[in-house]
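Report on one structure; see the data block that follows.
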Protein chains: 2
Amino acid sequence: MAPSTDTPTYLAVAGVLARSLSSAKPGSRLPSENELARTYGLHRQTARAVLQELERRHLVRRVRGRGTFVASLIDYRVGPGAAPSFSETVRRTGAAPRSETESIRLRAAPAAVRAELELATGAQVYLISRRRFVDDELVGCGDTYLAADLVPDLPRRLHRSASLYEALTEGYDLEPVRAVYRAEVELASERVTRRLGLDAQPWTIATRGIAECARLRRPIEVTAGWLRADVFRLVVEFGGR
Amino acid sequence: MAPSTDTPTYLAVAGVLARSLSSAKPGSRLPSENELARTYGLHRQTARAVLQELERRHLVRRVRGRGTFVASLIDYRVGPGAAPSFSETVRRTGAAPRSETESIRLRAAPAAVRAELELATGAQVYLISRRRFVDDELVGCGDTYLAADLVPDLPRRLHRSASLYEALTEGYDLEPVRAVYRAEVELASERVTRRLGLDAQPWTIATRGIAECARLRRPIEVTAGWLRADVFRLVVEFGGR
DNA sequence: TAGTGGTCTAGACCACATA
DNA sequence: ATGTGGTCTAGACCACTAT
């Protein structure tokens, strides 16, 4: 409240709140902008700056009409051994992962995918669009391209909330294994922003992978995914342990 | 200027500027907040929001008293083969890297470092603090711990702007090779924030590595580094190409 | 309907960099 | 001395979510 030194008021208050947040329960609500302004004797815009600073640090998430809530970062570990699994990553933190198939569409393979899957010109692929949730909060989305001839009748056999991996292994005897994997931190495109239900383009962990089937000795799927970078933290590890 | 639709003014103007930025020369100056307000007929705070939005997207960097400047992101590629070199990474983009030794201090090894370097209790290490520049802009900093017995007389033999790697290979016949490597995106600590000369804690790519010497068959150095995430972009790659 | 966060204007003072 | 970005108050309207 009293800016005794040169450190700005909103950073001072943010520091106070930040310290108290470390022991707060994820998902619990913070004071609103108006409450904060009242209790610290600030203008609403200054109180707002406090909460925005906490949001910038990924300590809270704010949603219009509802409030400001304590966030908890999930480490998204990437190593030479294995590409990370969304569900396992989330479950390890004690939260509840959920994946939902938005749509399954049959279409001619785009050129890039055709090259990666070693398909002939005009070959068809299934494009499977999915959304990822943590504790029922939408935190990511992804697309998978599958050579259509390998998974006949897929739309009927993959239901909305089923695991794609399980469908492939158990339904089609395909055992996808990651051959190429790439992850980077990037600003969401407008399309991904819309899919995530956000206004402003969020930073994301963008992944792209090609999986092969050992039995068939050929690449069978291409996946691209985006996870909100204010929910997941990219961690890379080589060697050690 | 005219909010014909529901998309806010500051995002509309930011979109216009963002498109024009893709063909702008990195380092060149954007209009100031006041100029922007004048040309678009906005209040200064709204013009400010425009430039802050561009900063949030890492398209520009702003510095108090000087102005807003076009930024250029540098990919910081990490793969199973090799840990990236700061200098090579920067040089490949056509920019000018520079590393500067801030200080070299002799001290008892901290417990964590002692374990990683397999040193006896009370063993001494050199702590070398360095700063990283791109085109004379401070973009990172780092610390290196070296077992003191391996590099006698180091403070006199490593000058301010020399390469530490070259000093080790040519001056001491040590050939450090990365054994363990870890990179993650994290908010800078207050200490790192100060070293980077910033007010607000920036997001950084934080790295930590242990290097061994093949000849001696033992770990010889521990390094920790922080690079501004609005200057570098973390990219991880496995397999392929 | 009340409360939340999101946007915008008006106007002020400040610290800092440059000339 | 001027211009830059950084902070702060005052007060307004809006869209969205809950009840």
Side-chain angles (χ1 to χ4, degrees), chain A residues 1-15 17 27-56 59-71 136-138 193 197-202 230, chain B residues 1-15 17 27-56 59-71 136-138 193 197-202 230:
Chain A
M1 176 193 183
S4 56
T5 77
D6 49 0
T7 149
T9 310
Y10 83 98
L11 283 183
V13 177
L17 289 191
S28 59
R29 236 201 70 183
L30 275 76
S32 73
E33 298 178 352
N34 282 318
E35 286 168 350
L36 209 57
R38 216 176 314 128
T39 65
Y40 283 92
L42 308 171
H43 185 76
R44 187 192 144 206
Q45 290 292 2
T46 305
R48 177 174 175 73
V50 171
L51 295 177
Q52 281 180 320
E53 172 65 20
L54 296 180
E55 186 179 42
R56 193 188 70 84
L59 296 177
V60 304
R61 279 195 287 283
R62 320 188 66 205
V63 0
R64 152 143 86 222
R66 305 218 303 134
T68 300
F69 303 89
V70 179
D136 289 323
E137 186 185 4
L138 179 55
T193 303
L198 300 174
D199 307 319
Q201 299 167 276
D230 56 346
Chain B
M1 175 191 184
S4 56
T5 77
D6 49 0
T7 149
T9 311
Y10 82 98
L11 282 182
V13 177
L17 289 191
S28 58
R29 237 202 68 182
L30 274 77
S32 72
E33 297 177 354
N34 282 317
E35 285 168 351
L36 209 58
R38 214 176 314 130
T39 65
Y40 284 92
L42 309 170
H43 184 76
R44 187 194 144 202
Q45 289 292 3
T46 305
R48 177 176 176 73
V50 172
L51 295 177
Q52 282 180 321
E53 172 65 18
L54 297 179
E55 185 179 42
R56 192 190 71 86
L59 296 177
V60 304
R61 278 195 289 283
R62 321 188 65 205
V63 1
R64 151 140 93 216
R66 305 218 305 136
T68 300
F69 303 89
V70 180
D136 290 323
E137 186 186 4
L138 179 56
T193 302
L198 300 173
D199 305 321
Q201 298 167 276
D230 57 346

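The chains referred to below are lettered A, B, ... by the order of the sequence lines, with proteins before strands, and numbering in each begins at 1.
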Do A:Val63 and A:Phe69 have side chains that get closer than 4.5 Å, going by heavy atoms? yes

Can you tell me how far the CD atom of A:Glu53 sits from the CG atom of A:Leu17, to the nearest 0.5 Å? 11.0 Å

Measuring from atom CG of A:Leu11 to atom CD of B:Gln201, what distance do you get when rounded to the nearest 0.5 angstrom? 8.5 Å

Distance in angstrom units between B:Phe69 CZ and D:dT4 P, rounded: 11 Å

What nucleic acid atoms does B:Arg29 come within less than 4.0 Å of, heavy atoms only: base, sugar-phosphate, or nothing? sugar-phosphate

Along nucleotides 9-19 of chain C, 5' to 3', which nucleotides get a B, which get an S, and which get a -, given that the test is a protein heavy-atom distance under 4.0 Å? BBBB--BBSS-

Quick one: B:Leu36 CG to D:dG3 P, roughly how many Å, whole number? 17 Å

What's the CD-C1' distance between A:Glu53 and D:dT7, to the nearest Å? 13 Å

For atom CZ of A:Arg48 and atom C1' of C:dG3, their distance in whole Å: 15 Å

Round to a whole Å and report the spacing from CD of B:Glu33 to C1' of D:dT7. 11 Å

Minimum-distance pair of heavy atoms, taken over all atoms of A:Leu51 and A:Pro31: CD1-O, 3.8 Å

Side-chain N or O of A:Tyr10 versus OP1/OP2 of D:dT7: is the shortest distance under 4.0 Å? yes

Please report, rounded to the nearest Å, how far the C1' atom of D:dC8 is from the CD atom of A:Gln52. 14 Å

Applying a 4.0 Å non-hydrogen cut-off, can you work out what B:Glu35 is touching in the nucleic acid: base, sugar-phosphate, or nothing? sugar-phosphate

Rounding to an integer number of Å, can you tell me how far A:Arg62 CZ sits from D:dT17 P? 15 Å

Whole angstrom is fine here: how far is it from CG in B:Asp6 over to C1' in D:dC16? 13 Å

Under 4.0 angstrom between B:Thr68 side-chain N/O and D:dT4 OP1 or OP2: no

Considering all heavy atoms, the nearest A:Ala37-A:Ala47 contact: N-CB, 3.6 Å

Here the gap from A:Gln45 atom CD to A:Glu33 atom CD, rounded to the nearest 0.5 Å, amounts to 7.5 Å

Exercise: identify the closest heavy-atom pair between B:Thr193 and B:Pro202: OG1-CD, 3.7 Å

